[in-house]
There are 2 protein chains.
Amino acid sequence: MGLNLEWLRTFKAIYEQGTLTGAAQELFISQPGVSLHLNSLEAYTGYKLFDRSAKKLVPTERGKVIYNFIEEPLGKLESAEQLFHKSTKTERATISIGMCFETFQYTLEKYIATLPFNIIIKFGDYPQMIHDLDKGLLDLIITPQKGDQTNLEFKPFSKERIVLVAGGKTDTQPLKALLKKKDYSGAENWLKEQLWYSTAADTEHLKRFWQLNFRRHLDFKPNYIVPNMSSIVRCLSGETGFSVVPDFLCAEEIEAGGMQLVWEGQSIIENTLYFGTRKKTMYADEISRIQEIFRQMMHPLTHGS
Amino acid sequence: MGLNLEWLRTFKAIYEQGTLTGAAQELFISQPGVSLHLNSLEAYTGYKLFDRSAKKLVPTERGKVIYNFIEEPLGKLESAEQLFHKSTKTERATISIGMCFETFQYTLEKYIATLPFNIIIKFGDYPQMIHDLDKGLLDLIITPQKGDQTNLEFKPFSKERIVLVAGGKTDTQPLKALLKKKDYSGAENWLKEQLWYSTAADTEHLKRFWQLNFRRHLDFKPNYIVPNMSSIVRCLSGETGFSVVPDFLCAEEIEAGGMQLVWEGQSIIENTLYFGTRKKTMYADEISRIQEIFRQMMHPLTHGS
DNA sequence: GATCAATTATCATTATTATGATACAAAGGT
DNA sequence: ACCTTTGTATCATAATAATGATAATTGATC
């Protein structure tokens with residue numbers, strides 16, 4: 001009645017083998033069976049898919065079109081077969097992790113080659129990630145937002161502060177004097193005159209910082225727009241300029257003196273970061289290993305002090 | 001015995017519907033049939049794929065993994081169904097064309113939206129294109145090379161000359177004087193001192209031009225390496241500098257005075273361009289239409305004059 | 001041009017798969 | 001607590017598909 005997917009598989013084998021007999025051997029079915037499948041498919045489509053020359057079957061135009069259409073997805077489907085027999089053996093697992101690009105670059109990137117399993121990193125927005133986690137598309141997410149699905153689990157593991165930083169050569173004395181006097185309006189005006197770095201996609205941090213500390217909308221544009229936050233760190237290190245970034249991204253750089261932490265703001269902006277997982281997962285070991293790396297890189301911050 | 005693709009299709013329907021009954025309705029088969037398929041798949045894989053809670057089937061971990069693996073290719077395969085009933089109706093055809101990037105940009109790009117059928121352009125090397133044409137992956141190729149497959153057809157339709165051009169402001173008098181005296185060695189030395197443009201991928205034209213006209217290997221590097229030949233034309237237009245390019249790419253620009261054709265060389269370098277098609281094709285009309293555009297854009301050159 | 005080798009088509013038989021009818025189970029409403 | 005609704009599992013039977021044996025076809029070879 002309808003289209004049978006087995007017909008397509010047989011069709012592909014015939015196309016690639018050039019004969020019914022060959023296809024039959026490849027598929028471990030009988031030659032009449034192959035013939036039958038092909039007839040069914042041709043009857044269903046209403047077109048002859050091969051020209052029967054005695055020694056081999058030559059695909060017709062329409063046969064070629066169909067082959068090119070089904071070849072790739074069919075191959076992928078057939079490879080699903082491995083997927084079943086896999087994880088019982090000592091094959092490498094593949095786990096999918098969602099997080100923001102900067103987090104990946106700062107934490108996981110350098111370790112990725114050392115892990116004894118395959119990893120797929122996906123970037124995207126957090127609600128989408130939570131949804132994908134629930135559906136099994138992702139196995140682990142790093143997120144500042146929690147979801148409410150009952151079969152998901154969100155464990156806090158670190159905090160990030162959104163702070164004002166500057167390049168190592170930047171003269172921050174005037175600002176610090178103003179802040180000491182609690183002259184926030186003066187600080188705001190002084191800061192507006194400085195060199196600012198931001199990312200193309202995300203000026204949220206800066207906007208939020210400005211709003212919360214100066215109670216005003218951000219009314220100037222950053223001087224340098226760079227591709228991502230790691231670029232900001234590289235640009236600022238040992239140079240002059242300001243930016244608003246999550247603290248962990250430049251912890252090392254500040255330690256080394258290339259950058260300076262200037263101000264945490266009047267009221268501190270702090271996000272809790274969670275590991276999101278499904279409660280039931282077949283990749284518990286792999287996930288722990290990843291989590292361990294995150295715990296080390298984004299060390300249990302003693303911010304609360 | 002083996003994995004039956006119909007099981008996967010049924011599995012997908014169960015996953016999406018959440019019940020066997022729903023899946024059965026979606027697939028227009030009986031509910032016991034769906035049950036049977038699922039049992040077979042579970043027996044084959046060796047894992048339970050759904051937890052049977054009374055009102056609905058909840059996918060297990062492994063069920064999720066499998067679903068995410070098969071969802072996309074299965075969807076694509078099922079959409080092949082349309083493909084059969086299509087071209088009899090008034091659906092838009094899709095034809096695939098292979099050519100080099102520059103040719104596409106110069107000729108077809110501006111017309112592509114006006115065509116009443118879908119187009120896929122593929123770039124690549126010519127032997128590969130010829131192979132893909134034979135296999136039905138491409139329906140038309142624009143190539144300076146012919147193949148020898150018996151079911152392919154190569155019709156010449158235009159010629160391209162590889163010529164020396166310069167920006168409109170470039171002072172070419174010294175060169176023209178030297179060429180008039182047939183002082184090729186002098187011309188070569190003069191040219192080496194000029195500003196040169198070339199593409200990243202392809203310095204073949206320049207090398208070949210140099211070799212044929214000065215009988216020497218190219219022993220200097222172009223000053224500007226740009227992404228493609230159209231960039232060369234844009235860079236040179238109304239400016240100074242030299243390049244070696246196929247003539248048709250800058251015919252308009254030369255007409256308008258933005259560039260000048262400086263020298264065609266001692267012995268003219270000319271490639272014949274062919275339309276390559278399969279002798280049997282279901283897209284004869286569409287192909288003619290494309291060919292007409294090419295014939296107009298790369299007008300039957302009266303080079304021979 | 002007769003024979004050989006290789007392949008496809010046909011067909012009666014066998015094996016597999018799908019179906020309808022129905023029993024069974026669980027949740028929701030009254 | 002009972003009934004209704006919704007859904008799954010089971011089973012004998014009907015429908016379908018696969019198989020082996022074999023005939024028919026074609027190109028190649030001598």
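To find a chain, count down the sequence lines: A is the first, B the second, and so on, and within it residues start at 1.
The side chain of Pro32(A) lies closest to dA21(D) when the candidates are dT19(C), dA21(D), dA18(C). When the nucleotides dA9(C), dT8(D), dT8(C) are ranked by their closest atom to the side chain of Leu57(A), dT8(C) comes out on top. For Leu36(B), the listed nucleotide lying nearest its side chain is dA18(C); candidates were dA18(C), dT8(D), dA18(D). The side chain of Ser30(B) approaches dG20(C) more closely than any other nucleotide in the set dG20(C), dT19(D), dT7(C).
Note: CD1 (Ile29(A)) to C1' (dT19(D)) measures 11 Å, nearest angstrom. Between the CG atom of Leu27(A) and the C1' atom of dA18(D) there is a distance of 13 Å, given to the nearest Å. Rounded to whole Å, atom C1' of dT7(C) lies 14 Å from atom CG of Leu38(A). Per the geometry, CD belonging to Gln25(A) stands 13 Å off P belonging to dG20(D), to the nearest Å. Atom CD of Glu6(B) is separated from atom C1' of dT16(C) by 15 Å (rounded to the nearest Å). Taking atom CG of residue Asn39(A) and atom P of nucleotide dT8(C), one finds them 12 Å apart after rounding to whole Å. Between the CG atom of Leu41(A) and the C1' atom of dA17(D) there is a distance of 16 Å, rounded to whole Å. Leu20(B) places its CG atom 16 Å from the P atom of dG20(C), with the value rounded to the nearest Å.
The aromatic rings of Tyr67(B) and Tyr15(B) lie parallel to each other, their planes meeting at an angle below 30°, with 60° marking the opposite boundary. Tyr274(A) and Phe154(A) have perpendicular rings, their planes meeting at more than 60° on a 0 to 90° scale where under 30° would count as parallel.
For the pairing with Leu57(A), the side-chain contact (heavy atoms from CB on, under 4.5 Å) check across Leu20(A), Asp51(A), Thr19(A) returns one residue only, Leu20(A).
Taking side-chain N and O atoms only, His37(B) has a distance below 4.0 Å to OP1 or OP2 of dA18(C). For dT7(C), the OP1/OP2 oxygens have no side-chain nitrogen or oxygen of Thr19(A) closer than 4.0 Å.
Less than 6.0 angstrom separates the ring centroid of Phe11(B) from the ring centroid of Phe50(B).
Nucleic acid contact class of Thr21(A) (heavy atoms, under 4.0 Å, all strands): base.
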Quiz: residues 34-41 of chain B side-chain donor-acceptor pairs under 3.5 angstrom, not counting sequence neighbours:
residue, atom, partner, partner atom, Å
His37(B), ND1, Thr10(B), OG1, 2.7
Asn39(B), ND2, Ser35(B), O, 3.3
Ser40(B), OG, Leu36(B), O, 2.9

